[in-house]
Amino acid sequence: MLISIGELARSTGLTVRTIRFYCDEGILESRRSAGGHRMFDADSATERLLLVRRLRTLGLGLDSIAGVLREERSMAEAIADESARLDIELRSMAWRRASLRAVETVAPAQRAERLALLAAAQDGGAVHDCLIRFWRRILAPVPRSDIDMWVGWNVPEPPADPSVDEVVAYAGLAALVTDPDMSAVVRQQYWRHKPELIRDRRALFTDVGDLMVDVVALVAERVRPYAGSELDRFVNAHAAARGERDTPRFRKQLLIDATDSDHRIHRYWALTQQLFGTRITVGPTHDWVYNALAHATHNLPSELN
């Protein structure tokens, strides 16, 4: 049975204008009467418009709905895509809410400073990408596959529903890695003295990484840094990478221009620890080895400098 556009509007609760729009967009088919008026199959047009209306109430866009109606994609796929889009939107809103509360609750004298900090980090995903790019630059030319495993353990992802403290901490990480001097400071800490002499950075990266895994237990048990097998492995890794031997002189050289005590490095790993909770990252393990090396070389003869 054919019905007019007015009858279709009354049966579906949609306006005539909306139905005309759906026709023009190719979502709804019609035919013309002898007088040139749009006519519709009552059952199929009503069913189609009710489906469109219901999908629209769930937030699906017309392009997505049209794809379902043309059988270019399943309804399940369209709904899954919309759900994923909504997840992103909700995370963005949660981030904004925490940021607003962070500015609201801080002391008035610190409000301008905090506002500037948070304004530069309003997209948690973008900040995470920035952190990854930072570490890829630091660890190059180690293969990206190796770096990404390292990043997975040591770089926190943005919390889905951050607290005030978490959003401030994450913004703090963003501010640190965009500091013009931070790359040089961290690169010096990781690769040590005269990095241009390193013959195989991937081998050094792997050897030091394996060592740090073992040092995690010492940090977790709060064992004070000492000159033992862990320090020997660290020095041997750096010596082998440079074609050197582990000697008192070489140990002294590893401390030349050391940046391990730089406040920015300590701040970075403190913020990371705040976001990770109990997880022990490379920050405190590297600090443990550095302190073991510094204490062990403190009393070496000065002529070895």
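- Note: H238 and F234 meet the aromatic proximity criterion, with ring centroids under 6.0 Å apart.
- Of the possible donor and acceptor atoms, none in the side chain of Q122 sits under 3.5 Å from a partner among the backbone N and O of A119.
- The backbone N or O of S4 sits less than 3.5 Å from a side-chain atom of E7, completing a donor-acceptor pair.
- Taking 4.0 Å as the cut-off between side-chain N and carboxylate O, D161 and R97 count as a salt-bridged pair.
- For the 3.5 Å distance criterion, the side chains of T259 and R264 fail to qualify, holding no donor opposite an acceptor.
- A donor-acceptor pair under 3.5 Å links the side-chain atoms of E77 to the main chain of S74, judged by distance alone.
- A salt bridge between D210 and R233 is absent, with no side-chain N of the basic residue lying under 4.0 Å from a carboxylate O of the acidic one.
- Not one N or O on the side chain of W288 forms a donor-acceptor pair closer than 3.5 Å with the backbone of R222.
- Taking every heavy atom of both residues into account, L69 and R48 meet most closely at CB-NH2, 3.2 Å.
- Note on ring orientation: taking the six-membered ring where Trp is involved, the planes of W269 and W135 are tilted (angle from 30° to 60°).
- Side-chain N or O atoms of E47 include none that pairs as donor or acceptor with a backbone N or O of L51 at under 3.5 Å.
- Remark: the backbone N or O of G283 is not paired with any side-chain donor or acceptor of D287 at under 3.5 angstrom.
- Proximity of a side-chain donor or acceptor of R279 to a complementary backbone N or O of Q273 within less than 3.5 Å is not detected.
- No donor-acceptor pair closer than 3.5 Å links the side chain of D260 to the backbone N or O of Q189.
- Comment: R251 engages D232 in a salt bridge, judged by a side-chain N to carboxylate O separation of less than 4.0 angstrom.
- Of the possible polar contacts, one joining the R53 side chain to the T12 backbone as a donor-acceptor pair under 3.5 Å is found.
- No side-chain donor-acceptor contact under 3.5 Å links R201 to the backbone of F205.
- Of all heavy-atom pairs spanning V289 and L231, the tightest one is O-CD1, 4.1 Å.
- The ring of H286 has its center closer than 6.0 angstrom to the ring center of Y190.
- For the atom pair CZ (R38) and CD1 (I3), the distance works out to 14.0 Å, reported to the nearest 0.5 Å.
- Partner L8 forms a side-chain contact (heavy atoms from CB on, under 4.5 Å) with one of V16, L28, L14 and no other, that one being L28.
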